Amino acid sequence: MAKILLVEDDTILVEMYQAKFELEGHQVSVATNGEECLEILKDFQPELILLDILMPKLNGFHVLKEIKKQPDLRQIPVILLTNLGQAEVDMNQELAKALGVNDYLIKSHHTPDEVVQKAVKVLGNSGHKTAPTEK
Amino acid sequence: MREVSTQKSPVSKSTLNLVDLSQMITALSAAKTPTQYLQKACESLSRVLDAPVSGFLLNPADTQPILAERSLPADLHATIDYPQDLTPGDALSNWIQRTSVQAASKTLASQPELHLLEWQGEQFGGIVIWSSVEQSAEYQANLLFVIAQIAANIKTLLLSESAKTSQAESATLDKITQAITGSLDFDKVSSSLLHHAQKFFHVDAAGLALASPDGSEYYFDQSIGLSPEYSAKIHVKSDSDIITQLIETNGPIQVNTKENAPISGDPALLRKEGLKSFMLTPIFSKGSLVGALALISKTTRTFTPAEYKFSQSLSEYAAIAFANANMHANLRKASNEIEQTRNLMRDGLLVFDLERRLHYFNAAAGAVLGLKSEHLMKHFPSRSIKAIPGLKIDTVELEQTLDKALQGHVSRTQFSVEDHDTEHYEAIYSPYRDNSGELIGVLMNVRDITALYLEKEKLQAIQNGISDGLILIGEDGITIEHNDEWMQLFDHQKEILGLPFSESLASCKNFTFDHDPDELIRDALRGRGVPCYAHDVEHGRHIQISVNPIMADERVTGVVATARDITSLVEKTVESNEMAAKAHRHLRELSQLAELSGIVGFNVSSIYQKYLSKTATLLESASVSLYLYDPNKQLLVQDQATNPDPSDTPTLELSSKHIVAKAFASRQPISIQGENRQHHRLALPITHHSKTLGVLLVSRTGDAYGEHEAQLLRMVATRLAVLVENAGLYHDVNARRERWEAVFRFTEEGIVVFDRTGTIVGFNPACTQITQYNPSEVIGEPFNRIIKTVGADTISGNNIGPIERVLEEGVTIAKSEQLIENRAGVRVWTEISYSPIFNDAGRVTSGIAIIRNTSKDREVEEIKSDFISIVSHELRTPLTAIKGFLSMTLKNDFGPLNEKQFHYLSRVYQSNQRMIDLVEDLMDATYIESGKITLSIAPVALDSVVSNVISELAAKGAASQILIKVRRRQRLPLVLADETRLHQIILNLIDNAIKYSMPGTEVIVSFRTQEDELITTISDSGVGIGKSQIDRLFTKFGRIFNPLSVQAGGTGLGLYIVKNLVESHDGRIWVTSQEGRGSKFNFSLPIAKQLPLIE
């Protein structure tokens, strides 16, 4: 049972991922764009952020940079979810790693089930890792 | 009358003794006249034969015969008429018969036996023997002999009788003859003639009428007994009746004034003069009436036949006098003429008449021959000439030479005069003819030939020492002297001395002369020496003749000619001339061949025409034709023809007998020699590279064609063949050029042609579009100034530019991307290919650059790439939703599904997944194409990637009952790769292998190192790939056309992406396959040299 923030502009995908994570017993908060995400994070501390990259107003990387700037938020694990092509993903890989992204998934490559598994894995790891980062 | 004669004994006892007869004839010689003789002969015969004998003579003047015997009975004698015409024939036979009947009626038992008196075929009388006795043959023969004797004697008497008709006549004629021969003065002669005639005829007046010079009338030239008034008035027109009558009668006519007035139209005048009777006798000279002798009586008188006859004789004398006078006048005229022209010459001139009487001599002749005026009209040569001191002249020879001249031939002789020196002369006699061509006298020319004579002596002195022929020719062209050599050289068989030089040469029938010998002598006599050449055609000898004048006192007195056999010299000359002619001919032919070679151009028809015309000249052939082979029609077609033969038809079958067809078929020249040096023909095939193109045909008259002509024609044909071929090539090249030009003009790619120095020589419209330069602005400009590349400074700076590389290294530079700046400074992306242009020798002569404007391509590419990435992204979102919801549904997240729901939703899920894969591949391909792909190259352990892939695909393989095996014999080196992409590569290949494998087979992954590469092979035992498919295998959508690929469910982009990925790793990928047996996909990757980093 974890508190997850899903940042996604496509309402159908929001509905899909929300449904799956809730089915698995997680609590899902939703932001439909980057600005909204940062707004929510002002008074909400999720355990995991599922972040889309291509979004109106503020894209995923900008949001990620903002999160990593804020000390209270930077330790929150982030899984990047995108539908950019593999090549673009490859191009952004370095950047993503530098920004401390926990996973970078291409949405169409994975079923919601698989995404949940990835999230659980990240959550498990982050349990261990959050401690040392706080050191 | 003796009775005996009537008592005829049947057989005569007489045998006509010849001795008696001879005596008889001798006795007759006392007779003085023919009649007297005949009478005595008849008496003698009658006595000897004991038979009556009568005789008669035909008197040409009288109509009555002269009878000579009266021993016939008187009555018979009176009745017998003697024959008028004694020509043997019917009339004479009739006379004998008639006379026999008359005799019988007069009781004369005998028959008349007529013996004609004949002399040389002329019958002039007869002797009739009235005999009744049969005579013996001996008697007959003797009688014939006697009668012939009698006839001969009578003829002699007749002749002497007619010679002197009478004493008076002869006396008169003697006087007249004397007058004529004594003087050439016609007036004197005619006056004497008239005087004697008047006396002889006892007439009152006599006159000589002559024709006027124009021959239109006759008038009295002289007369006696007539008043001058009258004689001056008598003019008779030549067309008057009396003149016509005179001409027709050809003898004297008598005219009485009572009857008519023929002499003058004025009877009053006649009456006044008292003239009554005229006898007019025509005077003929050379067949034409020149005048008349008129004898006039003041009493009426009839002239007798005898008078007629004598008058005629007189007229003949008058004619002679007239002719003499004429002749003398002509001779005088001639000598005057000659005198005028030769007056100042030293030559002597003498004129003789036909009687050798000297009519004229000039001073020179007089001096040489010592003539005086007393010699005139004297016969020549006279004794007086001999009397000249020192004159050595053979008068006999002189006379003979003159005789020759009188016979119409030019003749000559020489003589000399010894005074202080010996002077030599030559006398030349020339017949002199009047205007009508009749010989009227002789001109004698006496020339001083002393100089010539001396020359001759000199020549004779030296001629012994020389072998040349020598000849000396007089001033008149007559040969005076020569040596034996001359005779031998010219093959003279007869003596030529005294002959005109030209004539003697004219007899040399074997010889041809390059100068007319006549002209030669004429020139020499004018003082000009001329060389001449004679050719002895028969013996092949050549003779050089040198003719030189002999001068004496600045005057040409003769000519000396030398002749020498120069045959051997000439032969040498001829030989060298022939060689020169040959060389000349060669030169001419060569120059004509050169002219042929000079004929260039590509207007085939005009070239052929020129060629044929030159060929005609070269081969001296009037007719030239060109036949070309038409392979489509299989005919020889006459392309060109000059003066063709009618048999040279426009087309010829190959099987034809025509010379052209034969030459074409045999591929050999064929020559035909025509008859009578006419119509020779030569046909020669035109071949090029063992291909027969056609035939050249020439024909001519004169010399036949030989090997030389064939060779010439072959040279022509060879050139013509090249020309034909060149013309074909030209048309080919032209067509190509036109095609190339069309490409050049209309292609969208810019084409720049540059020369060896990099200067632009060609610039097409597409180039203008790209660069904004017009061709006129850039031709001649350096390439690099017009095609300005941006950011290529590094190339043009330190390294050599592409143009230089192309031109200097001869390399081709394919499709290099270059940004260039056009005329307006706008930058344009281009793709430029450079290529050298080589000549036949393999040297670079120029180059070409193909410039493609790729700005649009780039734009399009960018749009496409943006489009695809956007579309892909937008496509993926709904696909992701479908996939997500379906996966949840299939996992019963929303409640259990029945079997059918699960099955069909699984199908939807699979379909959706395929769509996702397709979009993924499309995006990948697009990225790769646009070069946006970035590889993180690092040393990678290939086998671990393979293991990962196998574990990933194991389930799929198992589902297809396919086992995936890895064969690895040793530890593999690390390779340089982007691990993710390497994974993608291997995954694609193994996935493909599984897809195309049959169940129960294996997919084997094996490795091997080769140099610095690691080669990975993925083998399957699947369906394999057809050869036609292999080429397309790695192309975009290449597998779309493979039916299996649809079945296998691929996007068709997999291998395309794999190939691009491998190549972007500097690796290679290839496939070997056997259809039905399986395929082997191989790819290589560079081995990492560095040691792997230790983590």
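All chains are named by letter (A, B, ...) in the order of the sequence lines, taking the proteins before the strands, and each is independently numbered beginning at 1. Predicted, not measured: the structure shown is a model, and the values here were computed from it.
For a residue to count as touching a neighbouring chain, one of its non-hydrogen atoms must lie under 4.5 Å from one of that chain's; by this rule A:Leu23 touches chain B with the side chain only. Contact annotation for B:Asp924: only side-chain heavy atoms (C-beta onward) come within less than 4.5 Å of a heavy atom of chain A.
Taking both residues in full, the closest heavy atoms of B:Ala881 and A:Ile12 are given as CB-CG2, 3.7 Å, listed atom of the first, atom of the second, then distance. Residues A:Pro112 and B:Met888 share a closest heavy-atom pair of CG-SD, 3.7 Å.
Side-chain atoms of A:Thr111 and B:Tyr909, non-hydrogen and from C-beta on, do get closer than 4.5 Å to each other.
Taking chain A as the reference chain and counting heavy-atom pairs below 4.5 Å, the highest number among B:Met923, B:Lys883, B:Gln984 is found for B:Lys883. Note on B:Ile916, B:Thr980, B:Leu875, B:Asn912: by heavy-atom pairs under 4.5 Å with chain A, the leading option is B:Ile916. The greatest number of non-hydrogen atom pairs below 4.5 Å with chain B, out of A:Glu114, A:Glu15, A:His109, A:His110, is found for A:His109.
Remark: of the listed residues B:Thr880, B:Val919, B:Leu879, B:Thr880 is the sole one forming a side chain to side chain contact (heavy atoms under 4.5 Å, CB included) with A:Asn83.
Considering OG of A:Ser108 and CD of B:Gln913, their distance stands at 8.0 Å, rounded to 0.5 Å. For the atom pair B:Leu890 CG and A:Asp113 CG, the distance stands at 11.5 Å (nearest 0.5 Å). For the atom pair A:Lys20 NZ and B:Asp893 CG, the distance stands at 3.0 Å (nearest 0.5 Å).
For B:Tyr904, the OH atom counts as loosely surrounded, since its 6.0 Å shell holds 12 or fewer non-hydrogen atoms of other residues, nucleotides or ligands.
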